2 protein chains.
Amino acid sequence: MADKNQELRDKGLRLTPQRQLVLEAVRSLGHATPEEVAEKVRATHPGINLSTVYRNLETLENVGLVQHTHLGHGGATYHAAEELTHLHLVCSKCGSVGDAPIETAAPFVNTLIDEYGFKTDVTHFAIYGTCANCTEKS
Amino acid sequence: MADKNQELRDKGLRLTPQRQLVLEAVRSLGHATPEEVAEKVRATHPGINLSTVYRNLETLENVGLVQHTHLGHGGATYHAAEELTHLHLVCSKCGSVGDAPIETAAPFVNTLIDEYGFKTDVTHFAIYGTCANCTEKS
DNA sequence: TTTTTTCTGCAAGTAATTTGCAACTCGCAA
DNA sequence: TTGCGAGTTGCAAATTACTTGCAGAAAAAA
């Protein structure tokens, strides 16, 4: 607990219960929209305000503890920064979010750098497509 | 002109001036948000309504003449279907949209299919990163 | 031309996120 | 341990981006 306090204070942030709850929620949920984070937090702290969740997600992102990804359809989803070691495979049929190790894209990433000077981090955005499940069904 | 009329009629669509203007705007703009399409169309046809633009983009997408991509930040961008033969390299620093041929990602796409059964079309979403220009500057 | 049916404009409605502001509270400092 | 000041919160209103309902307008078919 002391560590966690430190972790936030080190970034120059105040240690408020709301802030801690938001960070814990993001970490335990893996992938989550702001709405889902709020829901999770409210399970133990009903009074928390949605805009507080939004503000804390932004703040935590600024100090590098969480990051967000656009999984399409306007909604951003957040995850803890330390979990960003995989690609997001989002199924546009069923909406499921799968993972694949980052190495899968390594050659692709290198090609983009070598040929276009474009440095990309494939963990920061979603890869859209159709998952194995949905492919079978159709 | 007769061809273009045919092109829409063949899809079972009515040939309205608004529709034609929206399609032309998408084709001439390359990448564009609904707002930008509306702006372009209004340059020659001030009376056109924004919801008409949205509805036409949706309609045109349904018949396969245009497609949209999520270039992050909630906003969808549209482009003519015939142009969809490249990846979108979006710079998160300067916002510029670059292109790369689809072959660049072919091995990556194949790996996803082979190992995860995940079928993706990399032209449908943006690849985020930092463009060569912005990399130099920093 | 008349009829049928799709489109359009307008206005109101949503959903998701942001912002202004007064009240609050965390952390340092006395 | 108490007090102060800056960072935070809650609330309500504002904004943004898009959607929807509907009546009248205008294509295409008859």
Side-chain angles (χ1 to χ4, degrees), chain A residues 1-2 4-26 31-42 44-63 65-66 68-78 95, chain B residues 1-2 4-26 31-39 41-42 44-63 65-66 68-78:
Chain A
M1 185 73 175
K4 188 192 296 169
N5 291 352
Q6 218 36 50
E7 172 182 42
L8 286 167
R9 307 258 309 265
D10 282 351
K11 306 286 188 176
L13 297 181
R14 270 195 200 166
L15 199 68
T16 66
Q18 293 90 333
R19 186 112 75 202
Q20 293 179 65
L21 286 162
V22 167
L23 181 53
E24 279 168 28
V26 170
H31 303 281
T33 63
E35 212 76 27
E36 289 164 341
V37 171
E39 202 180 320
K40 172 89 178 176
V41 170
R42 283 182 179 140
T44 59
H45 246 229
I48 207 164
N49 194 282
L50 189 53
S51 58
T52 299
V53 173
Y54 275 102
R55 277 188 287 224
N56 274 320
L57 286 171
E58 195 188 325
T59 303
L60 292 171
E61 182 155 33
N62 283 339
V63 299
L65 287 173
V66 307
H68 82 275
T69 294
H70 290 285
L71 266 41
H73 234 199
T77 72
Y78 285 81
Chain B
M1 186 75 174
K4 187 192 297 169
N5 292 352
Q6 217 39 48
E7 171 182 43
L8 287 167
R9 307 262 305 268
D10 282 351
K11 306 285 189 174
L13 296 180
R14 271 193 198 169
L15 197 69
T16 66
Q18 293 89 333
R19 186 111 75 206
Q20 294 179 65
L21 287 162
V22 167
L23 181 53
E24 277 167 31
V26 170
H31 303 281
T33 62
E35 214 76 25
E36 289 165 341
V37 171
E39 201 180 320
V41 169
R42 282 182 179 141
T44 59
H45 247 229
I48 207 164
N49 195 282
L50 189 53
S51 59
T52 299
V53 172
Y54 275 102
R55 278 188 287 227
N56 274 321
L57 286 171
E58 195 188 325
T59 304
L60 293 171
E61 182 156 35
N62 284 339
V63 299
L65 287 173
V66 307
H68 80 274
T69 296
H70 291 284
L71 301 189
H73 232 203
T77 72
Y78 286 80

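Remember, predicted model here, so these are calculated numbers, not experimental data. Residue numbers start from 1 in every chain, and the chains themselves are labelled A, B, ... in the order their sequence lines are given, proteins ahead of strands. Excluded from the calculations below are hydrogen atoms, water molecules and symmetry mates; all remaining heavy atoms, backbone and side chain alike, are included.
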Trainee: Measure from CZ on B:R42 to P on C:dT8 and round the result to the nearest Å.
Mentor: 14 Å
Trainee: With a 3.5 Å distance limit and no angle check, can you tell me whether B:R42 reaches the backbone of B:I48 through a side-chain donor-acceptor pair?
Mentor: yes
Trainee: Within the 4.5 Å heavy-atom criterion, are B:L8 and B:T16 side-chain neighbours or not?
Mentor: no
Trainee: If a protein heavy atom is under 4.0 Å from the base, mark B; if only from the sugar-phosphate, S; if neither, -; do that for nucleotides 19-30 of chain D going 5' to 3'.
Mentor: BBB----BBS--
Trainee: Could you work out, with side chain to side chain contact (heavy atoms under 4.5 Å, CB included) as the rule, every residue matching A:S51, not counting sequence neighbours?
Mentor: A:N49, A:R55
Trainee: Whole angstroms only, please: what is the CG-P distance between A:N49 and C:dT17?
Mentor: 14 Å
Trainee: Rounded to the Å, how far apart are B:I48 CD1 and C:dC7 P?
Mentor: 14 Å
Trainee: Using atom CG of B:N56 as one end and atom C1' of D:dC18 as the other, report the distance to the nearest whole Å.
Mentor: 15 Å
Trainee: Separation of B:L57 atom CG from C:dT8 atom P, in whole Å?
Mentor: 11 Å
Trainee: For A:Q18 and C:dT25, is the shortest distance between a side-chain N/O and OP1 or OP2 below 4.0 Å?
Mentor: no
Trainee: CG of B:N62 versus C1' of C:dT6: gap in Å, rounded?
Mentor: 15 Å
Trainee: Mapping A:G12 and B:T33 onto DNA chain D by nearest heavy atom, which one lands closer to the 5' end?
Mentor: A:G12
Trainee: Output yes when a side-chain donor or acceptor of A:Q18 lies under 3.5 Å from a complementary backbone atom of A:T52, and no otherwise.
Mentor: no
Trainee: Side chains of B:N56 and B:L21, heavy atoms from C-beta outward: is any pair under 4.5 Å?
Mentor: no
Trainee: For B:R19 and C:dC7, give me the distance from atom CZ to atom P, rounded to whole Å.
Mentor: 4 Å
Trainee: Within a reach of under 6.0 Å around CD of A:E36, are more than 12 heavy atoms found that belong to other residues, nucleotides or ligands?
Mentor: yes
Trainee: Between D:dC18 atom C1' and B:E61 atom CD, what is the distance in whole Å?
Mentor: 14 Å
